[in-house]
Amino acid sequence: MTYNSVTEILQAIKKKKISASEITDEYLSRIKASDGNLNCFITLTEEAALNRAKEIDKDISKNKFKPLSGLPIAQKDIFCTKGVKTSCGSKMLDNFISPYDATVVDKLNEAGTIMLGKTNMDEFAMGSSNETSFYGPVKNPWDNAYVPGGSSGGSASAVAARISPCSTGTDTGGSIRQPASLCGICGLKPTYGRVSRFGMIAFASSLDQAGLFTTDALDAAILLKEISGHDPKDSTSSTVEVPNYFDYCTNSDRKDFTVGIPEEFVNDLNDEVKVSFYDSVKILEKIGCKIKKISLKHTGLGVSAYQVVAPAECSSNLSRFDGVRYGHRSKKSSTLESLYRESRSEGFGKEVKRRILVGTYALSAGYYDAYYLKAQKVRNLIAQDFRQAFEKVDLILGPTTPDKAFKIGEKMNDPIAMYLSDVYTVSTNLAGLPAMSIPMGFKEGMPIGLQIIGNHFDEKDILKLSHLFQKETDWHNKEPGV
Ligand code: GLN
């Protein structure tokens with residue numbers, strides 16, 4: 001018997017059909033068999049995982065269970081993990097061992113999970129293909145010539161390849177949903193503030209949000225409950241009550257959602273993605289949803305606004321990496337100023353430097369009004385479009401990405417083309433909304449995703465609709481032949 005999903009694993013452990021040590025061992029062997037090729041993990045925490053599994057098994061033998069007892073999980077290497085290297089995909093932090101755990105990690109540990117290791121990612125979460133990582137690109141398990149998407153590519157590829165049953169990710173402009181779409185799995189980005197950002201290395205603080213990768217919506221519902229909630233260590237984390245998402249998905253009989261399809265998300269789609277998308281819409285109609293055409297007229301400006309706001313915030317956030325307190329320190333420097341300069345020149349990669357330059361420029365005196373302030377105004381208009389849309393509809397539907405995965409190397413010399421792969425995802429970050437990508441079909445053998453966007457703190461309906469869709473389809477059960 002192989003156990004692949006969170007639900008299956010938790011049930012098997014509860015019924016004592018398998019021990020925490022056995023399931024951990026099983027996933028570690030799967031990683032060893034496939035990860036030499038896929039490159040999903042930067043650090044494997046094998047010994048710690050096996051020791052922790054033994055402890056959990058001791059508790060289980062006394063019938064002491066926690067909500068996620070014995071569940072193996074992979075953590076994106078952007079989350080600080082006590083005593084374990086936390087690199088953020090960068091040479092800058094290649095030598096950094098975190099002295100504390102991020103709240104997400106802490107909560108998952110508290111709930112009984114077992115960390116398998118830390119996953120590969122674009123450097124400081126800047127990228128859409130995982131090719132900006134200091135540790136080399138991650139491969140898409142459906143076809144190794146293709147990217148898995150980014151920036152949480154290692155986490156997505158690992159779940160798609162079934163070498164981890166679930167994983168964490170972060171989404172600043174699409175980094176959970178886009179790789180989930182390109183790898184054929186579920187990726188949930190919660191509402192801004194739903195999940196604590198404490199201990200999650202900051203890229204763009206007003207956009208960053210932690211979330212999850214799983215194979216289906218119910219698994220995401222189980223995990224979301226455990227990572228959500230107010231955290232006094234993050235002043236932007238919300239006190240809104242955390243519902244029992246799993247119970248809502250399985251017990252509520254709500255089916256009559258009004259679902260809006262923004263014309264801006266479907267007008268320019270290629271034929272194959274369009275066919276899969278409208279096939280999915282038919283399934284939702286069959287379930288009992290009402291479909292409504294809507295317009296989000298400023299979303300077309302999303303990438304432009306995002307590419308000012310995100311670099312501006314990153315230029316400020318990344319100023320802490322100066323070679324003084326932690327991280328890479330250049331050996332070439334002789335003065336304080338050259339220590340800063342050389343450490344940052346050597347420690348950061350090309351894309352990170354590009355963003356710091358763009359962001360510093362956009363924030364500089366004389367340009368602030370023309371760029372940063374303007375981008376914030378556009379951001380406001382985008383949020384307003386969504387607010388008006390949610391007066392008429394419960395959920396918004398679109399494709400997650402304009403196309404299937406692209407080839408490794410294909411867009412590396414064309415940053416604009418790379419940025420445009422986030423065209424359908426960035427607007428929700430600018431508006432702080434929750435959204436999820438679930439598998440909706442294939443184009444030329446590569447998976448493509450359906451994006452469901454909800455109103456603030458309405459993750460439960462996103463999960464419910466995804467669950468209803470997955471009861472009617474089996475795209476989420478398809479596995480790549482690793
Ligand atoms: N791909 C986008 C970028 O490069 C989004 C990244 C993210 O969500 N972390 O900025």
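Residue numbers start at 1 and run along the sequence shown. Note that the structure is a prediction, hence the values are computed from the model and not measured. Whatever order the structure lists ligands and atoms in, that order sets their numbers, starting from 1.
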Listed partners of Phe96 passing ring pair (Phe, Tyr, Trp, His ring centres under 6.0 Å), at least two apart = Tyr326
task = Sequence neighbours left out, what passes side chain to side chain donor-acceptor pair (under 3.5 Å) with Ser90? Give chain and number order.
result = Glu123
note = CG (Asp231) and OG (Ser238) are apart, to the nearest 0.5 Å, by 12.0 Å
remark   = Counting only non-hydrogen atoms and a 4.0 Å cut-off, the residues near ligand 1 are Ala125, Met126, Gly127, Ser128, Ser151, Asp171, Thr172, Gly173, Gly174, Ser175, Phe203, Tyr306, Arg355, Asp422
Separation between CH2 of Trp475 and CD of Gln470, rounded to the nearest 0.5 Å = 12.5 Å
task = Please round to the nearest 0.5 Å and tell me the distance separating atom OG1 of Thr86 and atom CE of Met200.
result = 13.5 Å
ask   = Which salt bridge (charged side-chain N to carboxylate O under 4.0 Å, His left out) pairs, counting each pair once, include a residue from residues 365-379, with sequence neighbours left out?
value = none
